[in-house]
Amino acid sequence: MSSNPDHGAPAPFSYPVKVGHISANAVTVHVEADPRERKALADLWQALSVESLSAEMQVGRWKKDGVRLKGRVKAHVVQACVVTLEPVDGFIDEPFEQIFVPEGSKLARLMTGDSAEMVLDPDGPDLPETFVGDTIDAGAVVAEFVALALDPYPRKAGSEFADHIESDEKTDARKPNPFAVLKDWKNKE
């Protein structure tokens with residue numbers, strides 16, 4: 001995850017944190033998307049609406065020059081059902097953790113080197129991200145964790161694809177092979 005994937009376009013939900021102001025003792029920060037930000041996120045995620053989005057997180061130093069964001073994100077996102085297009089409420093309440101290191105730091109070089117071998121804990125934090133400059137966008141990180149937690153195929157309870165027909169051997173055997181006309185094309189000359 002990057003603190004701003006477009007590196008120029010502002011994130012729809014932004015909470016900039018100055019790295020130089022972060023102390024060794026983590027500080028608790030509460031962020032919450034306002035109506036304009038929720039509308040921009042709904043557009044970005046192609047959702048019907050984002051009713052709420054907030055996070056409570058600890059912002060603190062990690063090792064010598066890194067930054068750790070750790071907390072819990074909560075959101076209520078309304079998406080369209082993939083079958084009926086009716087609104088489907090999705091509720092997200094998940095922990096998250098992201099570590100950032102400066103682009104030129106020794107830790108960043110260790111992780112991108114060809115010979116570097118890392119053992120990853122699937123339940124642990126993601127690999128550290130690098131940042132450039134003196135600011136990390138904690139709001140963009142929170143929004144990315146919500147986006148990853150969204151149901152890619154939301155369904156209204158009880159909805160099914162009524163006209164969906166599964167393929168089987170009987171129906172497949174009766175269908176003509178579209179390439180059958182080409183089987184003797186070389187012999188026709």
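Residue numbers start at 1 and run along the sequence shown.
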Check your understanding: With no hydrogens and no angle check, is any side-chain donor or acceptor of Arg68 less than 3.5 Å from a backbone partner on Gln98?
Key -> no
Check your understanding: What's the verdict on side chain to side chain donor-acceptor pair (under 3.5 Å) for Thr28 and Gln58, showing C-alpha distance, side-chain angles and the deciding distance?
Key -> CA-CA 4 Å; Thr28 300; Gln58 301 281 316; 2.5 Å; yes
Exercise for review: Answer with yes or no whether the hydrophobic clustering places Val19 together with Tyr15; edges join I, L, V, M, F, W, Y residues whose side-chain heavy atoms lie under 4.5 Å apart.
Suggested key: yes
Check your understanding: Any link between Val78 and Trp45 through a network of hydrophobic side chains (Ile, Leu, Val, Met, Phe, Trp, Tyr) touching at under 4.5 Å?
Key -> no
**Study point:** Minimum heavy-atom distance between Ser54 and His30, given as atom pair plus value
**Key:** CB-CE1, 4.0 Å
Exercise for review: Establish whether Leu150 and Val88 are linked, either directly or via other cluster members, by ILVMFWY side-chain heavy-atom contacts under 4.5 Å.
Suggested key: no
**Study point:** Spacing of CZ belonging to Arg155 relative to OG1 belonging to Thr84, to within rounding of 0.5 Å
**Key:** 10.0 Å
Exercise for review: In plain terms, say whether Glu51 and Arg38 are close enough for a salt bridge, that is, a side-chain N and a carboxylate O under 4.0 Å apart.
Suggested key: no
Revision key, fill the gap. Of all heavy-atom pairs linking Met57 and Val31, the shortest is CE-CG2, 3.7 Å
Check your understanding: Checking side-chain contact (heavy atoms from CB on, under 4.5 Å) for the pair Glu129/Ile99: CA distance, chi angles, key distance, verdict?
Key -> CA-CA 6 Å; Glu129 286 287 325; Ile99 293 170; over 6 Å; no
Practice item. Please lay out, stage by stage, how Glu94 and Arg72 fare under the test salt bridge (charged side-chain N to carboxylate O under 4.0 Å, His left out). Key: CA-CA 6 Å; Glu94 294 198 10; Arg72 181 162 220 88; over 6 Å; no
Review point. Once you round to the nearest 0.5 Å, how far does CG of Leu69 lie from CD1 of Ile136?
Key: 6.0 Å
Review point. Can you tell if the side chain of Thr130 reaches within under 4.5 Å of the side chain of Pro102, non-hydrogen atoms only?
Key: no
Review point. Can you get from Phe13 to Leu48 by hopping between Ile, Leu, Val, Met, Phe, Trp and Tyr side chains that sit under 4.5 Å apart?
Key: no
Point to revise | Close side-chain approach of Asp137 to Phe131, heavy-atom, < 4.5 Å | key: no
Exercise for review: Side-chain contact test, heavy atoms from C-beta onward, threshold under 4.5 Å: evaluate it for Val67 versus Val17 and give yes or no.
Suggested key: no
Review point. Would a distance-only check, ignoring hydrogens and angles, find a side-chain to backbone donor-acceptor pair under 3.5 Å from Glu37 to Asp34?
Key: yes
Practice item. For residues Ala80 and Leu85, report the shortest heavy-atom separation together with the two atoms involved. Key: CB-O, 4.0 Å
**Study point:** Separation of Asp89 CG from Ser49 OG (nearest 0.5 Å)
**Key:** 8.0 Å
Exercise for review: Treating Ile, Leu, Val, Met, Phe, Trp and Tyr as nodes and any side-chain heavy-atom pair under 4.5 angstrom as an edge, say whether Val132 and Val101 lie in one connected cluster.
Suggested key: no
Practice item. Compare every heavy atom of Leu41 with every heavy atom of Ala143, then report the nearest pair and how far apart it is. Key: CB-CD2, 4.0 Å
Check your understanding: Okay, side chain of Lys74, backbone of Leu53: is any donor-acceptor separation there less than 3.5 Å?
Key -> no
**Study point:** Contact list for residues 72-99, test ring-ring contact (aromatic ring centres under 6.0 Å, His included), sequence neighbours left out
**Key:** His76-Phe91, Phe96-Phe145
